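Contents: one structure, followed by commentary.
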Amino acid sequence: MHSSAIFLIEFGAIILGLGLLGRLAGRLKFSPIPLYLLAGLAFGEGGLLPLGTSEEFVAIGAEIGVILLLLMLGLEYTASDLVSNLKTQYPAGLVDAALNALPGAAMALLLGWGPVAAVVLAGVTWISSSGVIAKVLGDLGRLGNRETPVILSILVLEDLSMAVYLPILTALLAGAGLAAGSLTLAIALGVAGLVLLLAVRYGRHISRFVSSDDPEKLLLVVLGLTLLVAGIAQQLQVSAAVGAFLVGIALSGEVAEGAHNLLAPLRDLFAAVFFVFFGLHTDPASIPPVLLPALALAVVTAATKIATGYWAAKRAGVGIKGRWRAGGTLVARGEFSIVIAGLAVTAGIEPSLGPLATAYVLILVVLGPLTARFTEPAAAWITRRRTLSVPRQAEAPAQEEATKAIQGNGPVGPA
């Protein structure tokens, strides 16, 4: 009974605190994500007041939060939208992998950590945080913007790439042979392809099965189906986020609209818990020793993500403002990066890799909402400054020529 009371007090305090932080962020017209993360740091390992009995429940809530974020993002688009975007944006996925994975691999090699650690850190720097970006897009009211499908396509390509990357990484960390690694990879690809096929070809039937005039039944069926598919996908070495996203795109019409309205409050609650959980498992004392390399890596890969989004949006015919917004939105790293680093830490690859990845993700998960909001205004300000400076530079030679002409010709008028 005593532990139950402590759990209720702790979890109630967390939810109340999140609500107050969200209200503060709303008044400041700012994304609440950085405040949620700082709250997690304060009450996590090495923080001011570590939690006790509620930590396990927070971990489960955090996982549900990521799943709901991706489900809600999928509800915004149809299966045909997904297929067309993937067909047109796959070059952007290749550019994304090249620009953002190589800096991580290079940093690991420069630090002398070896090729396996290089593969790990490449994944950490490559993958943007679908959870953070989905929350930021909703907070900023950009789900209907023209650049959002480009952002979504890159995120989906990254998440689907995890179906290839994670089995390979697992085999490398375990020292598995070629046959075992190939079998794991084949299973992961097969499952991802099957789920995508079902979503694209049988989406109408799934929507008809889920549909209900009773909001309670609709909520239970959609939530249960999403968690079921996400769990099966994760059990088969495919991202649970990919499974949840594909369930979202499989639902269409009135079902998607009704599910969106019903699930929005749950998404906001569990998404906030996810960001707190991320901070809970970060020991503030482990950050200072690796802060400089993490900061350098964050600066480089923030720039490469902005370049990726700008190039992809330009290729899709999006205007200049939308290109900058797309680039700035992609900067945040989060859940996938931590999962990748956690696999390496568990395998005992490199002791410093975990703290470096944590510091790196913490920097970019705080910086990401800022770049999403301010990259486009900053670029516009720089462009205006350059535009104003060009006429001034052009006026100076013209004034000099006019002065020379007057001095050389003397006064104008009749002799």
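Computed from a predicted structure; not experimentally measured.
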Keeping the roles fixed (side chain from Arg146, backbone from Gly317), state whether a donor-acceptor pair exists under 3.5 Å.
-> yes
Does any donor atom in the side chain of Asn100 or Thr125 lie under 3.5 Å from an acceptor atom in the other side chain?
-> no
Does a donor on one side chain and an acceptor on the other come within less than 3.5 Å for Tyr90 and Ser153?
-> no
Rounded distance [0.5 Å steps], CG in Leu251 versus CG in Leu225 = 7.0 Å
Roughly how far, to the nearest 0.5 Å, is CZ of Arg325 from CD of Glu376?
-> 5.5 Å
Decide yes or no for [X] and [Y]: does some side-chain heavy atom of the first lie under 4.5 Å from some side-chain heavy atom of the second?
{"X": "Leu364", "Y": "Val331", "value": "yes"}
{"X": "Leu99", "Y": "Thr301", "value": "no"}
{"X": "Leu295", "Y": "Tyr360", "value": "no"}
{"X": "Ser212", "Y": "Val221", "value": "no"}

Taking all heavy atoms of Trp311 and all of Ala92, pick out the closest pair and write down the distance.
-> CZ3-CA, 3.6 Å
Side-chain ion pair, Glu147 and Arg315, N-O less than 4.0 Å | no
Hey, mind stepping through Arg333 and Glu158 against salt bridge (Lys or Arg N to Asp or Glu O under 4.0 Å) and telling me if it holds?
-> CA-CA 12 Å; Arg333 275 42 163 214; Glu158 288 180 350; over 6 Å; no
